[in-house]
Amino acid sequence: MTLGRIHLYSALKSSLNRNPGIKPTINLSILESRLQRCRNPREFLQIHAQMTITGFIKDTFAASRLLSFSTNSFFFDLDYSRWLLHQIENSNAFIWNTLMRAYMQRNSPQNCLHLYKLMLRSDSVPDNYTHPIVIQASAIRFSEFEGKQIHCHVSKFGFDSDIYVLNTLINMYSVCGNLRHARLVFDKSLILDSVSWNSILAAYVQAGDVEEAVQIFNQMPEQNTIAANSMIALYGKCNRVDDARMLFDGMDARDIVTWTAMISSYEQNGLFAEALKMFTQMNSYEILVDEVVMVTVLSACSQLEAVKEGEVIHGLIVKVGLDSYVNLQNALIHMYSSCGNINAARQLFELGDYLDQISWNSMISGYLKCGLVEEAKEFFDAMPQKDVISWSTMISGYAQHDQFSETLELFNEMQVRAIRPDETTLVSVISACARLYALEQGKWVHAYIRKNDFRINVFIGTTLIDMYMKCGYLETALEVFNEMEKRATSTWNAVILGLAMNGLVKESLEKFSEMERCGVVPNEITFVGVLGACRHAGLVDEGRRYFNSMQQIYKIIPNIKHYGCMVDLLGRAGLLNEAEELIESMPMSPDVATWGALLGACKKHGGTEIGERVGKKLIELEPQHDGFHVLLSNIYASKGRWDDVMELRGMMKQRRVIKTPGCSMIESNGVVHEFLAGDGSHPQIKEIDEMLDEMARRLKMEGYRPDTTDVAFDIEEEEKETTLYRHSEKLAIAFGLISTCPPIPIRIMKNLRICNDCHAVAKIISRTFQREIVVRDRQRFHHFKQGVCSCSDYW
DNA sequence: GTAGGGTTAG
């Protein structure tokens with residue numbers, strides 16, 4: 001197009017040259033009036049040709065009018081203006097500035113800077129307007145290197161004391177993160193105006209340095225609205241919403257930015273209702289709303305799932321004509337889908353004129369939020385363009401809906417398509433590995449992270465620790481922890497929970513002390529870990545102490561999980577009455593898990609009276625739950641009350657309660673093998689049987705007697721032993737002995753809790769076969785080594 | 001020509 005116009009220009013010029021007789025005159029006032037009427041490139045080119053022929057183009061001011069027009073006209077692109085600039089013989093700084101500014105307006109700082117270089121090589125000398133433009137260009141490119149070079153030019157050309165130049169320099173250094181230089185320019189500057197103060201304040205605000213920002217703000221000769229607005233926003237970001245509000249209340253001139261900053265402060269601190277209240281208040285002052293405040297308020301509605309308020313705001317957006325902002329469209333899509341109204345979101349999406357990648361991605365996440373995983377996948381597959389976030393949204397969506405195999409599959413597909421995942425994607429993938437116990441996959445992702453230079457940030461690190469802990473890889477988990485530069489509370493939590501889960505109770509509680517010493521504030525989850533640690537080791541007194549200090553020192557109100565831990569801790573220690581009293585004292589209604597803990601304790605400690613009561617209650621509450629029937633039946637069985645056992649089994653049959661079969665998994669050469677109790681379906685069952693016989697022989701030599709107390713069937717002792725003998729974990733151990741070699745531990749995952757007998761057997765096997773055995777049951781880990789278990793037989 | 005508010009996708 002540009003070339004076409006230039007050809008057109010040449011044609012016009014030569015035609016005018018061929019008719020020297022009709023050489024029209026042109027002067028400044030004619031030029032102005034003709035430019036004013038100029039509506040298309042042809043007219044413009046005629047003017048240009050005329051100016052060239054008449055030599056009027058040599059008039060620098062006239063030439064600048066021409067160029068300026070071209071940069072503002074919609075029918076020329078800047079390549080043309082640039083060509084035009086090179087046609088001008090007597091150009092000056094104003095002309096160069098005009099084009100450089102035009103490049104900035106069109107978001108092209110690189111062209112702006114390139115032009116500056118050309119300018120330096122030309123006859124034109126930069127003026128006081130030139131440097132602010134190019135400094136801004138390097139700021140937009142976050143290029144401190146370029147900015148510094150221009151800073152040198154500023155000195156060279158003697159603009160050291162131009163306040164515009166200095167203020168732009170402060171801004172550039174602050175944007176590039178060089179606070180020190182920003183401050184240096186500020187301090188050296190002899191004239192400071194409100195923009196200088198606002199700029200240096202902005203530097204500290206951007207860096208999140210509240211203390212320094214407050215100091216600057218207080219030193220300011222006059223605290224203007226712009227500065228106060230930034231301070232409100234900064235307070236909000238630093239969780240100092242009260243300070244923000246105080247400043248807000250003290251202001252006498254508030255504009256839309258002030259209100260937005262305050263509303264967003266509330267929002268960032270989770271005070272969504274307060275944010276909405278502020279918005280209502282703002283409207284009563286008849287302040288004109290804009291798209292920024294609307295986006296903020298819609299986000300509050302999403303968080304509150306306040307669809308009614310969201311609809312009102314939607315109406316307002318349409319009424320004031322802001323509905324063509326794509327950001328607002330997206331915020332609306334998000335709001336509706338967060339509130340569960342996927343149809344409204346879908347409608348907006350389908351009717352939307354201005355959609356972008358975020359709109360598409362928001363729809364995927366909308367479907368996922370509404371639990372429509374398949375629809376999300378269909379939408380994902382149909383997308384014209386997928387970016388990392390599309391992939392990551394879908395991948396984490398699968399993970400959040402417990403579809404872990406799909407998570408890994410989609411991640412693999414991403415690899416096949418050679419799309420580089422980002423940290424967030426990896427977090428979902430690692431957590432899926434943890435949930436699937438897919439240790440090999442998880443290790444692969446860890447290696448992948450290292451190989452591809454991903455930063456192990458807090459999230460990735462914490463997830464890796466969690467995965468390794470859940471897979472029983474303590475050392476690697478701790479290695480990751482030690483290598484991390486930054487640790488959040490959740491990171492400490494992962495270690496505390498993980499160590500406890502793996503039976504290292506002492507170490508777990510030590511980590512908690514270390515956390516306190518490091519000044520990291522524990523949260524609810526930390527205490528779930530700490531109390532869980534106490535529970536695993538039966539540390540009743542410590543447990544009570546932590547339970548109290550959690551409330552008194554850290555002001556954490558115990559939740560149902562904390563109560564559950566305490567009930568379990570007390571119950572397992574045989575303090576059945578105290579456990580039951582604690583349940584009675586709970587402010588919230590106890591859940592099934594809490595009663596279940598008590599029931600388990602009753603089974604362990606023969607608390608038949610409480611057990612029967614609790615068991616019956618639980619069965620009433622959850623008639624389909626197999627575990628409670630089994631526990632109660634075990635309680636009856638241990639007392640030889642076979643009639644009650646039979647009755648219960650009849651009831652189970654009648655209610656079609658299916659007892660979850662014990663299932664153990666073991667990974668060998670990257671393949672996961674599954675064994676059910678009494679399972680004879682494995683292709684290597686013959687060898688497994690032989691190994692089981694060998695195991696039995698050695699066990700006998702060790703003087704082992706089968707522990708049949710967990711077998712709740714009214715059958716002969718010998719038969720009980722046979723049932724025990726084929727428990728899924730024993731099959732898996734036998735297979736592990738055949739298929740893996742020392743010193744690699746035999747790693748087994750079990751869906752239920754390990755029974756007394758298998759526990760005893762695993763201990764002996766670990767000694768007589770000189771093999772480490774790691775069993776992860778649904779509660780915790782058991783590391784068997786040299787005849788001892790990490791749980792110290794307390795579980 | 002320089003300075004302020006933001007979220008919407010994981």
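Sequence lines set the chain letters: A, B, ... in the order given, protein chains first and strands last, and positions in each chain run from 1.
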Exercise for the section: Side chain of A:Thr393 only, please: which of B:dA3, B:dG6, B:dA9 is the nearest? Expected result: B:dA9
Return all side-chain donor-acceptor pairs below 3.5 angstrom for residues 126-142 of chain A, not counting sequence neighbours, or 'none' if the list is empty.
from: A:Asp127; atom 1: OD1; to: A:Asn97; atom 2: ND2; distance (Å): 2.8
from: A:Asp127; atom 1: OD1; to: A:Tyr129; atom 2: N; distance (Å): 2.9
from: A:Asp127; atom 1: OD1; to: A:Thr130; atom 2: N; distance (Å): 3.1
from: A:Asp127; atom 1: OD1; to: A:Thr130; atom 2: OG1; distance (Å): 2.9
from: A:Asp127; atom 1: OD2; to: A:Asn97; atom 2: ND2; distance (Å): 3.4
from: A:Thr130; atom 1: OG1; to: A:Asn97; atom 2: OD1; distance (Å): 2.9
from: A:Thr130; atom 1: OG1; to: A:Asp127; atom 2: N; distance (Å): 2.9
from: A:Thr130; atom 1: OG1; to: A:Asp127; atom 2: O; distance (Å): 3.4
from: A:His131; atom 1: NE2; to: A:Tyr116; atom 2: OH; distance (Å): 3.1
from: A:Gln136; atom 1: OE1; to: A:Asn171; atom 2: ND2; distance (Å): 3.4
from: A:Ser138; atom 1: OG; to: A:Val134; atom 2: O; distance (Å): 3.4
from: A:Ser138; atom 1: OG; to: A:Ile135; atom 2: O; distance (Å): 2.8
from: A:Arg141; atom 1: NE; to: A:Glu146; atom 2: OE1; distance (Å): 3.1
from: A:Arg141; atom 1: NH2; to: A:Glu146; atom 2: OE2; distance (Å): 2.9

Practice task
Check whether NZ of the Lys or CZ of the Arg A:Arg420 lies under 6.0 Å from the centre of the six-membered ring of A:Phe454 and within 45 degrees of that ring's axis.
Solution key: yes
Problem - Rounded interatomic separation in angstrom, taking CG from A:Leu410 and P from B:dG10 - result: 16 Å
Handout entry: Nearest to side-chain heavy atoms of A:Ala233, which nucleotide of B:dG5, B:dG10, B:dG4
Key = B:dG5
Exercise for the section: For B:dA3, take OP1 and OP2 only and decide whether either is under 4.0 Å from a side-chain N or O of A:Asn171. Expected result: yes
Practice task
Name the closest nucleotide to the A:Val257 side chain, picking from B:dG5, B:dG10, B:dA3.
Solution key: B:dG5
Problem - Closest nucleotide among B:dG5, B:dG10, B:dA3 to the A:Val195 side chain - result: B:dA3
Practice task
Begin with the C-alpha distance, continue with both residues' side-chain angles, and end with the deciding distance and a verdict on ring pair (Phe, Tyr, Trp, His ring centres under 6.0 Å) for A:Tyr173 and A:His151.
Solution key: CA-CA 10 Å; A:Tyr173 282 122; A:His151 193 172; 5.7 Å; yes
Fill in the blank from the handout: Winner on side-chain proximity to A:Ser299, out of B:dT7, B:dG6, B:dG1, is B:dT7
Exercise for the section: For the side chain of A:Val295, starting at C-beta, report the closest nucleotide among B:dA9, B:dG5, B:dG6. Expected result: B:dG6
Practice task
Remember a base hit wins even if backbone is also touched, and classify A:Ile133 as base, sugar-phosphate or nothing at under 4.0 Å, heavy atoms.
Solution key: nothing
Practice task
Could you state the atom-to-atom distance from CE of A:Met383 to P of B:dG10 in whole Å?
Solution key: 12 Å
Practice task
Assign A:Asn224 to base, sugar-phosphate, or nothing according to its heavy-atom contacts below 4.0 angstrom with the strands shown.
Solution key: nothing
Fill in the blank from the handout: side chain to side chain donor-acceptor pair (under 3.5 Å) filter on A:Ser428, not counting sequence neighbours, yields none
Exercise for the section: Would you indicate what A:Thr225 reaches in the nucleic acid, counting non-hydrogen atoms under 4.0 angstrom: base, sugar-phosphate, or nothing? Expected result: base
Problem - Pair of N/O donor and acceptor under 3.5 Å linking B:dG10 base with A:Ser392 side chain - result: yes
Exercise for the section: Select one nucleotide: of B:dT7, B:dG1, B:dA3, the one nearest the side-chain heavy atoms of A:Ser264. Expected result: B:dT7
Fill in the blank from the handout: With the side chain defined as heavy atoms from C-beta on, A:Ala331 is closest, among B:dG10, B:dT2, B:dT8, to B:dT8
Exercise for the section: Kindly say whether, by distance alone, the side chain of A:Asp255 makes a donor-acceptor pair under 3.5 Å with the base of B:dG4? Expected result: yes
Fill in the blank from the handout: With the side chain defined as heavy atoms from C-beta on, A:Tyr164 is closest, among B:dG10, B:dG4, B:dT2, to B:dT2
Exercise for the section: Identify whether any heavy atom of A:Ser196 sits under 4.0 Å from a base atom; if not, whether one sits that close to sugar-phosphate; answer base, sugar-phosphate or nothing. Expected result: nothing
Completion exercise
When rounded to whole Å, the CG to C1' distance for the pair A:Asp193 and B:dT2 reads 8 Å
Practice task
For A:Asp422, answer base if it contacts any base atom (sugar-phosphate contacts may also be present), sugar-phosphate if it contacts only those atoms, and nothing otherwise; contact means non-hydrogen atoms under 4.0 Å.
Solution key: base
Practice task
For atom CD of A:Gln281, decide whether the heavy atoms of other residues, nucleotides or ligands shown that lie under 6.0 angstrom number more than 12.
Solution key: yes
Handout entry: A:Phe157 atom CZ, over 12 foreign heavy atoms within 6.0 Å
Key = yes
Exercise for the section: May I ask you to say what A:Leu332 touches in the nucleic acid, namely base, sugar-phosphate or nothing, with a heavy-atom cut-off under 4.0 Å? Expected result: nothing
Practice task
Write down the distance between OH (A:Tyr129) and P (B:dT2), rounded to a whole number of angstrom.
Solution key: 11 Å
Exercise for the section: Let me know the distance between CZ of A:Phe454 and P of B:dG10, rounded to the nearest Å. Expected result: 19 Å
Problem - Spacing of A:His401 atom NE2 relative to B:dG10 atom C1', expressed in whole Å - result: 14 Å
Exercise for the section: Nearest whole angstrom, please: distance from the P of B:dA3 to the CG of A:Leu166. Expected result: 14 Å
Problem - Rounded interatomic separation in angstrom, taking OH from A:Tyr116 and C1' from B:dG1 - result: 15 Å
Exercise for the section: May I ask you to decide if the ring planes of A:Tyr285 and A:Trp259 are parallel, tilted or perpendicular, using 30° and 60° as cut-offs? Expected result: tilted
Exercise for the section: Check every strand shown and say whether A:Lys386 touches a base, only sugar-phosphate, or nothing at a heavy-atom separation below 4.0 Å. Expected result: nothing
Fill in the blank from the handout: Closest to the side chain of A:Gln268, out of B:dG4, B:dG6, B:dG5, is B:dG6
Practice task
Tell me what A:Asn128 touches on the nucleic acid: a base, only sugar-phosphate, or nothing, going by heavy atoms under 4.0 Å.
Solution key: base
